[in-house]
Amino acid sequence: MQKKSFLVLVLYLVSATILVQAQQVADTKHATPLNAEQEKRALQSLSKIIEKEILSAVEAMPADKFAFAPTDGEFKGVRTFGQMAKDFSATNHILAAAALGEEPPADAGDERGPESVRTKAEILAYVKGSFAHLNAAIAAIGLTNIPVNASPISPLKRGEVTRSALIVESLIHAFDHYGQMVEYLRMNGVVPPASRP
């Protein structure tokens, strides 16, 4: 009796698995294709939010604190506030260039940004320019006449890289730095604009 019950249970589970797999195949056949305009609008919205948060943080840091880097605790060798802003901006430029089929900007360096960009005003302009470049890449989503290049700083290799993936990678990288920038602001007695009432 137990053997028969066990056999019925196994047959039931196998049947249920086959039905689920058949439904997944059927669902795939009726899946909505990727809508480039919808993807573009969504990424434009996310980029706008991230750009606003980052620009407000960069603007909030006093000019004389752009050379600040924490020293207490495990912070040996970390970037200064200004270097961090240049880092994610250079990454925005490098990945946007790849998403637009362009060569990476020579002055972006290895994500360090131009050596000539040093003051708060220069860094702020570089940050703004990097988001303009990234937004140009977002505007190109769905365009088939613009190639997409792999980037040496991306984990995505040729054959798996897409314009949208490069843009998302850049936004993730920038927002990761935003979290670090918030810490740097607070260490200098500055309440991040996004946290103000």
Side-chain angles (χ1 to χ4, degrees), residues 43-100 102-139 149-156 161 163-197:
L43 286 171
Q44 285 168 334
S45 294
L46 291 173
S47 179
K48 185 176 181 180
I49 291 166
I50 292 171
E51 181 179 5
K52 178 182 178 241
E53 298 296 330
I54 286 177
L55 284 175
S56 69
V58 174
E59 289 169 345
M61 183 63 97
D64 64 332
K65 298 294 184 181
F66 269 61
F68 170 79
T71 54
D72 292 341
E74 296 295 323
F75 291 101
K76 184 178 180 186
V78 298
R79 293 180 178 100
T80 67
F81 185 88
Q83 289 170 333
M84 193 178 342
K86 286 173 51 176
D87 172 86
F88 70 74
S89 297
T91 298
N92 282 355
H93 278 299
I94 293 167
L95 295 176
L100 290 167
E102 304 167 354
E103 290 298 315
D107 65 354
D110 186 23
E111 301 176 71
R112 287 185 302 273
E115 187 59 39
S116 61
V117 173
R118 295 184 179 172
T119 67
K120 178 178 179 174
E122 292 167 341
I123 291 171
L124 193 55
Y126 190 59
V127 171
K128 289 178 181 178
S130 78
F131 276 102
H133 200 182
L134 195 60
N135 289 325
I138 294 170
N149 296 337
S151 171
I153 67 168
S154 174
L156 302 170
V161 68
R163 195 178 329 275
S164 294
L166 289 167
I167 293 162
V168 169
E169 181 182 346
S170 195
L171 292 173
I172 289 169
H173 182 253
F175 217 56
D176 179 52
H177 279 296
Y178 170 74
Q180 295 170 32
M181 293 170 74
V182 165
E183 290 298 318
Y184 282 34
L185 287 169
R186 290 188 183 279
M187 289 176 173
N188 283 282
V190 179
V191 176
S195 298
R196 295 176 188 166

When rounded to the nearest 0.5 angstrom, what is the spacing between [atom1] in [X] and [atom2] in [Y]?
X      : Y      : atom1 : atom2 : answer
Leu55  : Phe131 : CG    : CZ    : 6.5 Å
Phe68  : Arg79  : CZ    : CZ    : 15.5 Å
Lys65  : Lys120 : NZ    : NZ    : 12.5 Å
Ser130 : Lys86  : OG    : NZ    : 13.0 Å
Ser151 : Leu95  : OG    : CG    : 5.0 Å
Ile50  : Leu43  : CD1   : CG    : 9.5 Å

Distance-minimising heavy-atom pair for [X] and [Y]:
X      : Y      : result
Leu100 : Ala136 : CD2-O, 3.8 Å
Ala99  : Leu166 : N-CD1, 3.6 Å
Ala174 : Ile54  : O-CD1, 3.5 Å
Ala67  : Thr80  : O-CG2, 3.3 Å
Ala108 : Tyr126 : CA-OH, 3.9 Å
Arg163 : Ala137 : CD-O, 3.4 Å

With a 4.5 Å heavy-atom cut-off, do [X] and [Y] have their side chains touching?
X      : Y      : value
Ile138 : Ser47  : yes
Val78  : Pro70  : yes
Val191 : Leu185 : no
Pro155 : Glu169 : yes
Met181 : Phe88  : yes
His177 : Thr91  : no

(message) Looking at Ser170 and Ile167, would you say the former's side chain and the latter's main chain have a donor-acceptor pair under 3.5 Å?
(response)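 Not at all, since once roles are kept as given, no pair shorter than 3.5 Å links the two residues.
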
(message) Which label fits His133 and His93: parallel for a plane angle under 30°, tilted from 30 to 60°, or perpendicular past 60°?
(response)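 If you compare the ring of His133 with that of His93, the planes turn out tilted.
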
(request) May I ask you to decide if the ring planes of Phe81 and Phe66 are parallel, tilted or perpendicular, using 30° and 60° as cut-offs? (result)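 Geometry flag for Phe66 against Phe81: perpendicular rings.
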
(message) Could you go through Leu134 and Leu171, starting from their C-alpha distance and side-chain angles, then the distance that decides it, and tell me whether this counts as side chain to side chain contact (heavy atoms under 4.5 Å, CB included)?
(response) CA-CA 9 Å; Leu134 195 60; Leu171 292 173; 3.7 Å; yes

(request) Go through the side-chain N and O atoms of Asn92 and His173 and say whether any donor and acceptor fall under 3.5 Å apart. (result)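 Result is no, nothing qualifies.
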
